[in-house]
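Numbers for residues simply follow the sequence, beginning at 1. In each ligand, atom 1 is the first atom listed, and ligand 1 is the first ligand listed.
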Amino acid sequence: MGPYEALRLSRRLGVSTTEFFARYTEAGGTVLQTRADDRGCVFLGPQGCTVHPDRPLACRLYPLARWTSPEGDESFGHLEPHPQTAGIYGTRGTVDEFLTSQGLPPYFAMGDRYGALYDRMVAVMERFDPSEDSERRAERRAEVDELDPGTLATALFDVDATVGAYCRERALAVPTDTDALVDLHLKALGAWLDALEARLPK
Ligand code: SF4
């Protein structure tokens, strides 16, 4: 789960992203918690998903799966239905129609924007510390998975906290609109990376 998905869900629940991560996520803030009775996702209610209009990307995409190549080409396959699913499966329609019907285009667009920032972050980190290779990143990922539920791996993914701090430092009003918050979040992270890069030897 990425920052945009967390932001959408937090607004549906009427909480800040800081509170959302603390109350509903695990694995460093990347995964939704399971219910106290261990019977599925924390947002699964008697009538199904209780946050359906703002459900995360993977939930919207299911039962399809999406792959993107390093060149940006995308392809789709489909997953086996869960044995207890009440979903109705058919073969009519196109993948494009399905994606649109599930409200996926803005999620993909936001994923691309955050993905580009992530790539830049990795490149900067590797310049800071050449030992920070893919193997080391996999180790870090495993460490994040072990964090206690509600513990965020990095405050940088907390949109409200990051944008709040950015606006306070610059005496700016904090926007309420979701898209404007994402714009400012990406700007704040970009400024942080600019400052890090400025410390690197030329
Ligand atoms: S659709 Fe997603 S968010 Fe909703 S209950 Fe299922 S797993 Fe949870």
[atom]: which protein heavy atom is closest, and how many Å away?
atom: atom 2 (Fe) of ligand 1; value: C59 SG, 2.3 Å
atom: atom 4 (Fe) of ligand 1; value: C49 SG, 2.4 Å
atom: atom 8 (Fe) of ligand 1; value: C41 SG, 2.3 Å

Original post:
Looking at F20, does the NZ or CZ of R23 lie under 6.0 angstrom from its six-membered ring centre and within 45 degrees of the ring axis?
Top reply: no

Subject >> D183 and K187 ion-paired at < 4.0 Å >> reply: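 Judged by the 4.0 Å cut-off on N to carboxylate O distance, D183 and K187 do not form a salt bridge.
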
Subject >> Lys/Arg-Asp/Glu bridge criterion (N-O < 4.0 Å) met for R141, E146 >> reply: no

Subject >> Per-atom contacts, ligand 1 versus P56 - under 4.0 Å to a heavy atom >> reply: 3 (S)

**OP:** Show which atoms of ligand 1 fall inside a sub-4.0 Å distance from at least one heavy-atom site of F43.
**Re:** 5 (S)

Original post:
Centroid-to-centroid, Y4 to Y114, below 6.0 Å?
Top reply: no

**OP:** Please report the C-alpha distance between R127 and E197 in whole Å, then the side-chain angles of each, then the deciding distance to 0.1 Å, and finally whether the side-chain contact (heavy atoms from CB on, under 4.5 Å) criterion is met.
**Re:** CA-CA 9 Å; R127 284 179 66 199; E197 273 191 310; 3.7 Å; yes

